[in-house]
Amino acid sequence: MSRTELPGFGNHKPVIADEQMQSIRRERTRQGVSMAVRKVYGSLDSPGTLKVMACLLEHDLDFEFVPVDVAAGEHKKKSFLSMSPFGSLPVYDKEGFKLFESRAIIRSMAHEEAKEEVELISWEPKKQAVVANWVDVEDHQFEPPALQLINELIVKPQKGLAPDTEVVAKAETKLAAVLDIYEAQLIKLKFLAADKYTIADLIHLPNLQSLVETPGRKLIESRPHVNAWCNEILARPAWQKVLQMRVAENTEAIK
């Protein structure tokens, strides 16, 4: 499975962040008050898309979700490639300024939209270097074996295929080694890069959510500090809103 997709939902229609934001949009439109236009082109089956949405919601930002049908190859069409030349999801468009690659989008957003009550980065260079370090760890160390497990334990069964036990075993070994390092880090700090929640934690959300719904959760539950960290960040209101959007889209697709 590529990093473009997670198992789950298809046939998405455009949605707004939540019902409350839709109400605000209608009221401001009625009053003639314009709102900053932010769009996320992506798929609710895409980990990168979900990460960006979680970051937007952490900052309490209004946005429109524009679905991209990966199964139909929309991410390979010229119109999408003009925004994301490698066909990667998502694309973030803020008033015509477009970015692709989820971690780049999140880094940019966390700096641009930071405010006193929501700072997912640090303004001190050395502390921000630590945040950036753990963002790279998620990218290069955590996500590859996590996606292998998700593919074997979720995607294949959904397609009526049996998991490859050898692939599962190797991925579990790799992920276990990564989580041993996480456990040691989380003994020292409440979160991965600091004693506050940062983008280094946020970007783990989609794959952690999938892993805890598989037998792979044993790798998390067997490490007390990793388990506590996982439970805390998965319970964040912004992430819960993302999950609600996925459920709403799945329900709509079934109708």
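From Lys174, atom NZ reaches atom CG of Leu149 across 10.5 Å, with rounding to the nearest 0.5 Å. Atom CG of Leu61 and atom CD of Glu112 lie 9.0 Å apart (nearest 0.5 Å). With values rounded to the nearest 0.5 angstrom, Lys76 atom NZ is found 10.0 Å from Phe86 atom CZ. The line from CE of Met53 to CG of Leu44 is 5.0 Å long, rounded to the nearest 0.5 Å. Taking CG from Asp60 and CD from Glu117, the interatomic distance works out to 9.0 Å, rounded to the nearest 0.5 Å. The CD atom of Glu143 sits 8.0 Å away from the CD1 atom of Ile150 when rounded to the nearest 0.5 Å.
More than 12 heavy atoms of other residues, nucleotides or ligands lie within 6.0 Å of NZ in Lys156, so this atom counts as buried by the packing criterion. Within 6.0 Å of NZ in Lys126 there are 12 or fewer heavy atoms belonging to other residues, nucleotides or ligands.
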Report task. Apply side chain to side chain contact (heavy atoms under 4.5 Å, CB included) to Leu57 and Val242, showing your working. Result -> CA-CA 8 Å; Leu57 291 169; Val242 173; 3.6 Å; yes
**Report entry** Stepwise side chain to side chain contact (heavy atoms under 4.5 Å, CB included) check, Val66 with Val40
**Finding:** CA-CA 6 Å; Val66 182; Val40 177; over 6 Å; no
Report task. Check step by step if side-chain hydrogen bond (donor to acceptor under 3.5 Å, both in side chains) holds for Trp239 and Gln209. Result -> CA-CA 10 Å; Trp239 180 244; Gln209 186 69 52; 2.8 Å; yes
Query - Derivation and outcome, side chain to side chain contact (heavy atoms under 4.5 Å, CB included), residues Phe63 and Lys39 - result: CA-CA 5 Å; Phe63 68 96; Lys39 294 182 180 180; over 6 Å; no
**Report entry** Glu64 vs Val37, side chain to side chain contact (heavy atoms under 4.5 Å, CB included): CA-CA, chis, key distance, verdict
**Finding:** CA-CA 8 Å; Glu64 179 183 354; Val37 177; 5.7 Å; no
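Side-chain N or O atoms of Glu183 include one that pairs as donor or acceptor with a backbone N or O of Val226 at under 3.5 Å. Side chain of Lys196 to backbone of Glu119: a donor-acceptor contact under 3.5 angstrom is found. A donor-acceptor contact shorter than 3.5 Å links the side chain of Gln240 to the backbone of Leu234. Of the possible donor and acceptor atoms, one in the side chain of Asp201 sits under 3.5 Å from a partner among the backbone N and O of Thr198. At distances below 3.5 Å, not a single donor-acceptor pair connects side-chain atoms of Gln141 with backbone N or O atoms of Val178. Formation of a donor-acceptor pair under 3.5 Å by the Asn231 side chain with backbone atoms of Asn227 is found in this model. Ser108 contributes no side-chain N or O that, together with a main-chain N or O of Ala104, makes up a donor-acceptor pair within less than 3.5 Å.
A 4.5 Å side-chain heavy-atom check between Leu175 and Leu211 finds at least one atom pair inside the cut-off. When side chains are defined from C-beta on, Thr49 does not count as touching Tyr41, because their heavy atoms never get closer than 4.5 Å. Within the 4.5 Å cutoff, the side chain of Met109 has heavy atoms near those of the Val52 side chain. Between Arg246 and Leu50 the shortest side-chain heavy-atom distance falls below 4.5 Å. Using a 4.5 Å heavy-atom threshold, the side chains of Ile220 and Leu208 count as touching. When side chains are defined from C-beta on, Phe80 does not count as touching Ser82, because their heavy atoms never get closer than 4.5 Å. Side-chain atoms of Ile203 and Val135, non-hydrogen and from C-beta on, do get closer than 4.5 Å to each other. In this structure, the side chains of Leu186 and Leu192 come closer than 4.5 Å at one or more pairs of heavy atoms.
Follow the hydrophobic side-chain contacts under 4.5 Å out from Phe97 and you reach Phe65 in the same cluster. In the hydrophobic clustering of this structure, Trp134 does not group with Ile187; members are Ile, Leu, Val, Met, Phe, Trp, Tyr whose side-chain heavy atoms approach within less than 4.5 Å, directly or through other members. Hydrophobic clustering, with ILVMFWY side chains joined whenever heavy atoms are under 4.5 angstrom apart, keeps Leu189 apart from Leu179. Linking Ile, Leu, Val, Met, Phe, Trp and Tyr residues whenever their side-chain heavy atoms come within less than 4.5 Å places Ile199 and Trp123 in a single cluster.
A pairwise comparison of heavy atoms in Lys190 and Trp229 identifies O-CD1, 4.2 Å as the closest pair. The nearest pair of heavy atoms linking His59 to Glu113 is CD2-O, 3.5 Å. In terms of heavy-atom proximity, Ala238 sits nearest to Ala54 at CB-O, 3.9 Å. Taking both residues in full, the closest heavy atoms of Pro90 and Ser102 are given as CD-CB, 4.0 Å, listed atom of the first, atom of the second, then distance. Between Arg223 and Leu219, the shortest heavy-atom distance links the atoms NH1-O, 2.7 Å. Summarising the geometry of Ser84 relative to Phe100, their closest heavy-atom pair is OG-CB, 3.7 Å, with the distance given to 0.1 Å.
The pair Lys170-Glu152 does not meet the salt-bridge criterion, since no charged nitrogen lies less than 4.0 angstrom from a carboxylate oxygen. Using a 4.0 Å cut-off between a side-chain N of Lys or Arg and a carboxylate O of Asp or Glu, Arg38 and Glu95 do not qualify as a salt bridge. Salt bridge annotation for Asp136-Arg107: present, with a cationic side-chain nitrogen under 4.0 angstrom from a carboxylate oxygen.
Ring orientation note: the planes of Tyr182 and Phe142 are close to parallel, at an angle under 30° on the 30°/60° scale.
Side-chain atoms of Ser43 and Ser46 include no donor-acceptor pair closer than 3.5 Å. In this structure, a donor-acceptor pair under 3.5 Å is absent between the side chains of Glu138 and His204.
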